[in-house]
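Since the structure comes first, as structure tokens, the remarks are kept for the end.
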Number of protein chains: 2
Amino acid sequence: MDAERDQTPRSEKILTDLQDVYPRLSPQLRRAAHYLIDRPDEIAFTSMRQLAERANVQPATMVRLAQALGFDGYESLREPFRDALRRQPAGFGQRARKLLARTSRRRKGRALAQLANEMVASDRDNLSLSLEAIGSDELAEAAGVLAGARRIYVVGQRSLFPAAFYVHYACSMFREEMILMDGNGGTFADRLRGMTDADAMLVFSFEPYSRGAVEATEFAATRGAAIVAVTDSLVSPLSSLTKHMLLVGTDTPALFKSVVPVLSIAQVLVAQILAQGGQAALSSVAESEQQLETFGAYWTEADRVRVPDDAGDAGDDSPGVREDAASFDHKTEQRGS
Amino acid sequence: MDAERDQTPRSEKILTDLQDVYPRLSPQLRRAAHYLIDRPDEIAFTSMRQLAERANVQPATMVRLAQALGFDGYESLREPFRDALRRQPAGFGQRARKLLARTSRRRKGRALAQLANEMVASDRDNLSLSLEAIGSDELAEAAGVLAGARRIYVVGQRSLFPAAFYVHYACSMFREEMILMDGNGGTFADRLRGMTDADAMLVFSFEPYSRGAVEATEFAATRGAAIVAVTDSLVSPLSSLTKHMLLVGTDTPALFKSVVPVLSIAQVLVAQILAQGGQAALSSVAESEQQLETFGAYWTEADRVRVPDDAGDAGDDSPGVREDAASFDHKTEQRGS
DNA sequence: GAATGATTGAATCAGTTGTTTCATAGGGCT
DNA sequence: AGCCCTATGAAACAACTGATTCAATCATTC
């Protein structure tokens, strides 16, 4: 009884079993299992229906999943998770680490580990500081300017190209007339043609300020376009060109500056532009996603290689599927790959 | 560490409050309170009726006790105790839903400001959770694998292309044989030619997993290349293909998933690859930067626009900045430097 | 192309949930 | 005694719980 009290809670075993059985589950059951695997602790508190809703699954599917795992029903599946949570509120990370860790700890790893911790910690700090410094009002105003523009030109070079790309990509899901200023084939400046004062430019630039970004912004200023600049200093070359300047921090223990705060702000901008687009924007997103889906851009569960016989795909462990789960054996379907 | 960011859960406060109020309670309420004080964690899971039975009290008494403490009812009294046990920070999904409902209200600017705050807040949470979940040891090991490879193929599509681009860009500053898998001109797969088991692949992929990323990873696996996958689930299609899987969170109140944690991890990886490159890598960075500078890639102070005709003063320090920056004054002081 | 069987969605079930209501019981006060 | 007010118990409530059933759908095989 109390043999397994210390080490491995029953819930852990269930989760590993779940992963083993996963490839043999039906699509709908997979979706349920997927959610359960990602958020194991939810099941302890959440009711079947709520959980099903969050996993985009019929309520009954949760029961079926539980039964497929050899339990009587949802309630008995939930019990172990409650127990596990009751005795020790350990971190979600512990589990992932346990599952994946085959680490032989090195001495050298210590310094690296500390670097990792410090970098992430400073990103955390930067995030809150940046938003606080900018002020959400100003942010909303900048987003409003962008949302109201005819076209939005997005500029970001080198390490800030990711931010520009992200904004362009995300906004293109619900909005036309997004222009990303990449330098593909040396056509950087060409894109600026046709810019008017009805347009807006969103520019990301940190020190050292890349020439292209600055010049593009200057050009936009002469055309009378509204400019929103995400930059790192009040005396950045962009500051004299715009009323909407969003200052973000970049401090990090690492050699390169951190782009995390920029991307966070970029995401907020996108969300606010989206919000100002109203219902039309939302349905545009849905439409875009659906289009991508029918286009086959996404990998689907149907593409997963199914293992007909016993074979743990998770690795060399072969932790042994619980015998109750043997009820999957008859489901030996192999889909077209 | 700061993983214990809840220094004082609300549930603790409730318990001390309970003890304070205790003497003023009626006999029946005391009995209920007594049981609650002795077994505080029971309330998180047990139903009102069951709890009442164990405490030898009427079911309604539990409600009355909750109300006596200032809560709406048993449910709202239970919430803090559940939160305390919960591993993840309080309900992302819940917050998102609340936010969505709120957005439809008339005070739009208010909602936008709150959206910004909550997005950044959840990014913050995601950062620490992700690093904790991954574990710095594993992170260092993954970086070691990449650093030791002959070539590094970097894969990331759609919203995760920023991460791939960043890693490629940053690592190219100190390392050769970096290959970014962009789809420029439809040449996505072509880049994989020549991959051997001496190489490594760094792939970013979240749900919905883009087909190209998965297929590229599968190909790399057949070639025997080392694979480091940054993904969002233990049952992601990449999980069966690699030993080095780095799990990161993506929760955000906004419509799109957050890429911030991914980029943070990407930065850490870059820093660690750089660190393992030693002095040679460092000087490579310096060299690269210098080369960029002489190449004129960066804007310099000498390039600052002088105000030619209007508003007389054309001082070379920072003439145009002043008046525009006046509107930012209050922000400046908050931020410090 | 029809037949088969697994898989799914919707409706439905009895039981339980948290909460409210109401009537009774108790105890202090004039 | 009377009255008033709180405390308590019991019942009723609507909403929700987990679970079951059945028809429709899908993919596969003959």
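All of these numbers come straight from a predicted model, not from anything done at the bench. Throughout, protein chains are lettered first and strands after them, A, B, ... in sequence-line order, and every chain is numbered starting at 1.
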- prompt: Using a cut-off of less than 4.0 Å, is there contact between a side-chain N or O of Ser26(B) and OP1 or OP2 of dT6(D)?
  reply: no
- request: Please determine, for the side chain of Pro27(B), which listed nucleotide (dT8(D), dG18(C), dG18(D)) has the closest atom?
  value: dT8(D)
Listed nucleotide nearest any side-chain atom of Arg49(A), set dA10(D), dT12(C), dT20(D): dT12(C)
task: Report which part of the nucleic acid Arg78(A) touches: base, sugar-phosphate, or nothing (heavy-atom distance under 4.0 Å, all strands).
output: sugar-phosphate
message: Without decimals, in angstroms, what is the distance between Gln67(B) CD and dT6(D) P?
response: 15 Å
statement: Between CD of Glu53(A) and P of dC16(D) the distance, given in whole Å, is 11 Å
- prompt: Expressed in angstrom and rounded to an integer, what is the separation of Leu29(B) atom CG from dT6(D) atom C1'?
  reply: 11 Å
Contact under 4.0 Å: Gln28(B) side-chain N or O vs dT6(D) OP1/OP2: no
field: Between C1' of dG18(C) and CG of Leu51(B), the distance in whole Å
entry: 13 Å
Between dT17(C) (P) and Glu75(B) (CD): distance, integer Å: 12 Å
message: Need to verify one output field. Residue with the more 5' nearest nucleotide on DNA chain D, Leu25(B) or Ala60(B)?
response: Leu25(B)
message: Just to be sure I understand the rule, does Gln58(A) reach a base, reach only the sugar-phosphate, or reach nothing, if contact means heavy atoms closer than 4.0 Å?
response: base
task: Check the distance between dT17(D)'s P and Met62(A)'s CE and give it to me in whole angstrom.
output: 13 Å
query: Could you state the CZ-P distance from Phe45(A) to dT17(C), rounded to the nearest angstrom?
result: 17 Å
Among dG9(D), dG18(D), dT19(C), the nucleotide that comes nearest once only the side chain of Val63(B) is considered: dT19(C)
query: Taking CG from Leu65(A) and C1' from dT8(C), how many angstroms apart are they, rounded to a whole number?
result: 14 Å
task: Considering only NZ, NE, NH1 and NH2 on the basic side and carboxylate oxygens on the acidic side, decide whether Asp251(B) and Arg39(A) come within less than 4.0 Å.
output: yes
field: Aromatic centroids of Phe45(A) and Phe45(B) separated by under 6.0 Å
entry: yes
Aromatic ring pairing Tyr22(A)/His34(A), orientation class (parallel under 30°, perpendicular over 60°, tilted between): perpendicular
- request: Let me see the working for Arg78(B) and Glu75(B) under salt bridge (Lys or Arg N to Asp or Glu O under 4.0 Å), right down to the final yes or no.
  value: CA-CA 5 Å; Arg78(B) 171 151 64 178; Glu75(B) 196 62 45; 3.5 Å; yes
task: Please tell me which of the listed nucleotides, dT8(D), dT19(C), dT21(D), lies nearest to the side chain of Arg64(A)?
output: dT21(D)
